[in-house]
Amino acid sequence: MKAVLVLVIALGAQAAAPRRAPAPRPAIDGVIDALGAHQLVAITDPHGNAGMRDFLRRLFADPRFPDAVNDIVLEVGNARYQALADDYVNGGTVDEDALAAAWLNTTVANQISADVEWFRQVRRINAGRPTDRRLRLLLGDPPIDWSKVETRAEHFTWLAQRDSYPAALIQTEVLAKGRKGLIVYGHLHFQRRNVGTNFEMGDWRAETIVSLIE
């Protein structure tokens, strides 16, 4: 993995930093340093990319990581299963086949599933940490219940929340609590102006996670 796109979501007015020539650096060091300086850091996830899965595994395994972040917000996880995910990463008796429902029953039927090893890594990390310093995996996909979806319109009601739901989740569970969050989502969710609407942001459905938070 030679390059990782890291986005810092700046909150409030900030003085312009002096410009300096860009220089390559180890990606994990860059993410750790960004988390040290900012409350929210986002990594774009090209779904299904084996290199990114490996990079995140190595990032989670870095001994500096658990002290740099509190919450990891995942696109590939139905929020309806948040309690199950919380129980699992905190050492509860949760069958991994049951846990898999969190990434198999998302709003997007063809969405690439999460890497179960991420969940296992957070569980292992938390096993050796005090309760108040454990990491949390926040599931960012809207809490769709497929047993109650019967029409295309009902499905689209949930699809329309794929940016507003995680933005609200980040605001209530990370920002409002003074915690630090790493957001792992596809790059289209990090647009400040939506290319899909020709950069027009008048319709609420054009808003992205970043535009809503900012």
Side-chain angles (χ1 to χ4, degrees), residues 1-12 14-15 17 20 22-45 49 51-77 79 81-92 94 96 99 102-103 114-140 166-185 187 189-190 209-210 213-214:
M1 189 75 182
K2 295 183 178 179
V4 172
L5 177 60
V6 177
L7 172 70
V8 171
I9 302 177
L11 303 176
Q14 293 183 339
R20 56 185 178 183
R25 59 183 308 198
I28 289 178
D29 291 349
V31 174
I32 297 293
D33 289 349
L35 286 167
H38 302 277
Q39 194 172 2
L40 296 178
V41 173
I43 296 180
T44 182
D45 175 19
N49 184 288
M52 178 54 73
R53 285 195 174 198
D54 177 67
F55 172 75
L56 287 171
R57 288 183 180 192
R58 290 187 290 113
L59 174 63
F60 292 2
D62 189 287
R64 299 169 294 176
F65 182 71
D67 292 320
V69 71
N70 305 112
D71 304 307
I72 304 163
V73 186
L74 296 178
E75 178 179 3
V76 284
Y81 300 92
Q82 184 64 58
L84 192 68
D86 287 341
D87 193 15
Y88 179 82
V89 300
N90 283 293
V94 177
E96 288 186 355
L99 181 66
W103 55 82
D115 184 352
V116 67
E117 184 58 27
W118 301 340
F119 288 76
R120 292 170 179 164
Q121 283 183 283
V122 173
R123 181 182 170 99
R124 289 195 294 267
I125 290 169
N126 285 345
R129 295 176 68 82
T131 303
D132 61 348
R133 295 181 61 200
R134 290 177 178 175
L135 303 185
R136 191 179 186 198
L137 284 175
L138 289 172
L139 307 182
L169 180 71
I170 292 163
Q171 289 168 337
T172 58
E173 295 299 314
V174 184
L175 297 177
K177 295 181 179 180
R179 293 165 67 84
K180 291 205 171 191
L182 176 70
I183 310 167
V184 183
Y185 258 73
H187 69 279
H189 297 277
F190 299 143
I209 292 175
V210 168
I213 291 174
E214 289 188 337

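Only heavy atoms go into these numbers, but all of them, side chains included; no hydrogens, no water, no symmetry mates.
Screening R136, R123, R134 for a salt bridge (Lys or Arg N to Asp or Glu O under 4.0 Å) involving D86 leaves a single residue, R136. With V174 as reference, L138 is the one residue of L182, V69, L138 to meet the side chain to side chain contact (heavy atoms under 4.5 Å, CB included) rule. Under the side chain to side chain contact (heavy atoms under 4.5 Å, CB included) rule, M52 has a single partner from D45, D115, T44, which is D45.
Under the 3.5 Å distance criterion, the side-chain polar atoms of Q39 are matched with a main-chain donor or acceptor of R179. Although no hydrogens or angles enter the test, the distance criterion places a donor-acceptor pair under 3.5 Å between the side chain of N126 and the main chain of V89. Listed for the Q121 side chain is a donor-acceptor partner under 3.5 Å among the backbone atoms of R57. Not one N or O on the side chain of E75 forms a donor-acceptor pair closer than 3.5 Å with the backbone of P166.
Here R120 pairs with E96 in a salt bridge; the nearest charged N to carboxylate O distance falls below 4.0 Å. No salt bridge links D62 with R58; every basic N to acidic carboxylate O contact stays at or beyond 4.0 Å.
Put simply, the side chain of I32 reaches to within 4.5 Å of the side chain of L59, judged on heavy atoms. A heavy-atom distance below 4.5 Å is found between the side chains of D33 and R25. For the pair Y88/V122, no side-chain contact is recorded, criterion being any heavy-atom separation below 4.5 Å from C-beta on. Within the 4.5 Å cutoff, the side chain of R64 has heavy atoms near those of the I28 side chain. Using a 4.5 Å heavy-atom threshold, the side chains of I43 and Y185 count as separate. Here the side chains of F119 and L74 are in contact, with some heavy-atom distance below 4.5 Å. Counting heavy atoms from C-beta on, the side chains of L135 and N70 never come closer than 4.5 Å. Annotation: side chain of I213 is in contact with side chain of L175 (closest heavy-atom distance under 4.5 Å).
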K180/D71 under salt bridge (charged side-chain N to carboxylate O under 4.0 Å, His left out): CA gap, chis, key distance, verdict | CA-CA 6 Å; K180 291 205 171 191; D71 304 307; over 6 Å; no

Would F65 and I72 count as a side chain to side chain contact (heavy atoms under 4.5 Å, CB included) if you check the C-alpha gap in whole Å, the side-chain angles of each, and the deciding distance to 0.1 Å?
-> CA-CA 11 Å; F65 182 71; I72 304 163; 3.8 Å; yes

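Below 30°, between 30° and 60°, or above 60°: for W118 and F60 the angle between ring planes is above 60°, a perpendicular geometry.
G77 and L139 make their closest contact through O-CB, 3.3 Å (heavy atoms, listed as atom of the first residue, atom of the second, distance). L99 and A85 make their closest contact through CD1-CA, 4.0 Å (heavy atoms, listed as atom of the first residue, atom of the second, distance).
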